[in-house]
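Report on the structure given below.
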Amino acid sequence: MKAKFSKLVAGCLTMTMAFGTFSAAPFAVSAAEVSPTIIGDVDGDGEVTIHDATLLQYYLAELAEINDAQKFVADVDDDGEVTIHDATMIQYYLAELIDGFTKQPGQQIEYSYVVAGTLNLTAYDWVASTQTGNVMTKNTNGTYSLTFKDVMASDDEMQFKVVGIPVEGGDLVWFGADGTSANYSFRHTMDGDVTVTFDPKTKKLSASGNGVEPITGLNVTSITAVGSGSSPWLNGIAWDQTAAANHMTEIEPGLYRIAYNNVKEDINYEIKFAANDSWSNNWGIPKGVRYTPGEWADAEMNAENIRFDVDDDLARVVVTFDLRQFDYSTKQGARFCIDIIPAN
């Protein structure tokens, strides 16, 4: 095991100067962001394709995760289970060997859509519930909207996501900016109404109103390593995005690194990366993806905690976070690597 990690460390650290895109899983979109309504459309892109059958096969092989909405549309034979027979039926349908599925397209999941976000906008700090009153109204064009009245101007960012809540129960589905997992961020420069609009077909959301100014760039003054602090991992500081002790060193513009010595052998260490001592802009990993130390992986904004194991006792753990290719408009391009160096 030690020889294996030594080899991985050399590759990961020496590749810091080279650019590239490294996907952590065949299906990088978080299942939490998918809300399909078409029977057979497992990936939720609005049509039934071979990708749906492939995603279903990955799920059955435990190589990908799908949420309750995806399981509903994946059960095309309507037997109450998601099995390889469903994947086969999708393939038969695409090959025009069958005309349709046992489960009819009219059987769809119905959602209520609510706005969850920062306290200065929603009056409830990231609460996704119909009980808050932040329920969106369906418009004649199929979009949904909600107007927050008399929102006070603020120097702080306002952020939100739209959340789909299944009427009959099931997984919540979170929608971020531009169809990503990132929070929609804006500044509100004057008192007045703010209207949030969401289109379930395109998965796009927006904010409008006098004084609403979308944030189009990110000025990074610091990056903090945040996670399950258990000394000496993260200096024993748990989930504190303001901890100066865990500020990463900018070894070159846009490239950050921090190291911890004598980390104990254990499973399920957790970490995320927070910008400017705030949770407003943070990076993790897509839901269901398990990180393998020694490999570069894509970092996703406002995503799940990065979990990994340390297989060597009293190891040195070197964490590198790369924003050199990050594009705020697409929220893509960030990546990270966690190297584990054996004690001997």
Could you tell me whether the side chain of [Y] reaches within less than 4.5 Å of the side chain of [X], counting heavy atoms only?
X	Y	value
Ile341	Val318	yes
Asn281	Met301	yes
Val212	Val194	yes
Val151	Asp191	no

- Task: Please indicate whether Tyr93 has more than 12 foreign heavy atoms, meaning atoms of other residues, nucleotides or ligands, lying under 6.0 Å from its OH.
- Result: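 Counting neighbours around OH of Tyr93, 12 or fewer heavy atoms of other residues, nucleotides or ligands fall under 6.0 Å, so no.
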Tell me every residue that passes side chain to side chain donor-acceptor pair (under 3.5 Å) with [X], counting only those two or more places apart in sequence or in another chain.
X	answer
Thr143	Asn139, Asn141
Asp150	none
Tyr260	Asn246
Thr130	none

Between [X] (side chain only) and [Y] (backbone N and O only), is there a donor and an acceptor less than 3.5 Å apart?
X	Y	answer
Glu300	Trp283	no
Asp52	Asp43	yes
Asp266	Asp311	no
Thr132	Ser129	yes
Asn235	Ala245	yes
Asp75	Asp79	yes
Asn134	Thr122	yes
Gln70	Ala74	no
Asn261	Arg316	no
Tyr291	Ile338	yes

Got a sec, which residues hit side-chain contact (heavy atoms from CB on, under 4.5 Å) with [X], two or more places apart in sequence or on another chain?
X	result
Asp240	Ile237, Thr242, Ala243
Ala116	Trp126, Ala128, Val163, Trp174
His85	Asp77, Thr83, Met89
Ala315	Val310, Asp312, Ile340

[X] pairs by side-chain contact (heavy atoms from CB on, under 4.5 Å) with which of [options]?
X	options	value
Tyr269	Val263, Asp309, Val317	Val263
Asp45	Val42, Val48, Asp41	Asp41
Tyr92	Asp99, Ile98, Val76	Ile98

With rounding to the nearest 0.5 Å, note down the distance linking [atom1] in [X] to [atom2] in [Y].
X	Y	atom1	atom2	answer
Glu250	Ser222	CD	OG	10.0 Å
Gln159	Asn183	CD	CG	4.5 Å
Met190	Glu213	CE	CD	8.0 Å
Ser278	Asp156	OG	CG	8.5 Å
Tyr111	Leu172	OH	CG	9.5 Å

For [X] against [Y], the heavy-atom pair lying closest together:
X	Y	answer
Ser145	Thr197	CB-OG1, 4.0 Å
Lys161	Asn302	NZ-O, 3.7 Å
Ala303	Gly284	CB-C, 4.1 Å
Ile271	Ala225	CD1-CB, 4.0 Å
Ala334	Leu323	CB-CD2, 3.7 Å
Gln91	Ala53	CG-CB, 3.8 Å

- Message: By the ring-ring contact (aromatic ring centres under 6.0 Å, His included) test, which pairs, at least two apart or in different chains, include something from residues 176-196?
- Response: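 Checked against ring-ring contact (aromatic ring centres under 6.0 Å, His included) - neighbours excluded - the pairs reaching residues 176-196 are Phe160-Tyr184.
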- Task: Quick one: which residue pairs count as a ring-ring contact (aromatic ring centres under 6.0 Å, His included) with a foot in residues 195-216, not counting sequence neighbours?
- Result: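 Passing the test, one end in residues 195-216: Tyr113-Phe198, Phe175-Phe198.
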- Task: In sequence, state the C-alpha distance, the side-chain angles, and the governing distance for Thr249 and Arg257, and then conclude on side chain to side chain donor-acceptor pair (under 3.5 Å).
- Result: CA-CA 5 Å; Thr249 300; Arg257 182 170 291 156; over 6 Å; no
- Shared ILVMFWY cluster between Leu94 and Ile84, side chains joined below 4.5 angstrom?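 Both belong to a single hydrophobic cluster.
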- Flag yes if Ile39 and Leu97 sit in one hydrophobic cluster, no otherwise; membership is Ile, Leu, Val, Met, Phe, Trp, Tyr, and two members link when side-chain heavy atoms are under 4.5 Å apart.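 Yes: a chain of side-chain contacts under 4.5 Å links Ile39 to Leu97.
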- Is the Phe321 ring parallel, tilted or perpendicular to the Tyr256 ring (thresholds 30°, 60°)?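 Correct class here is tilted.
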- Query: Can you list the steps and then say if Thr224 with Gln241 is a side chain to side chain donor-acceptor pair (under 3.5 Å)?
  - Reply: CA-CA 6 Å; Thr224 309; Gln241 75 279 11; over 6 Å; no
- Query: Tracing side-chain links under 4.5 Å among I, L, V, M, F, W and Y, which residues wind up in one group with Val127?
  - Reply: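 Via sub-4.5 Å side-chain contacts, Val127 links to Tyr124.
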- For Trp239, what are the other residues in its hydrophobic cluster, where any two members join if their side-chain heavy atoms are less than 4.5 angstrom apart?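 In the cluster with Trp239 are Val226, Trp279.
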- Message: Checking side-chain polar atoms at under 3.5 Å, does Thr118 have a donor or acceptor matched by the opposite partner on Asn120?
- Response: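 There is such a pair between these side chains.
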- Query: Going through the checks in order, is the side chain to side chain donor-acceptor pair (under 3.5 Å) test met by Asn276 and Thr221?
  - Reply: CA-CA 6 Å; Asn276 306 332; Thr221 58; 2.8 Å; yes
Ion pair check, [X] and [Y], cut-off under 4.0 Å:
X	Y	result
Arg324	Glu252	yes
Arg307	Glu270	yes
Asp322	Arg335	yes
Asp199	Lys201	no

- Apply the test side-chain contact (heavy atoms from CB on, under 4.5 Å) to residues Val114 and Ile165: give CA-CA distance (whole Å), side-chain angles for both, the deciding distance (0.1 Å), then the verdict. CA-CA 8 Å; Val114 303; Ile165 301 177; 3.9 Å; yes
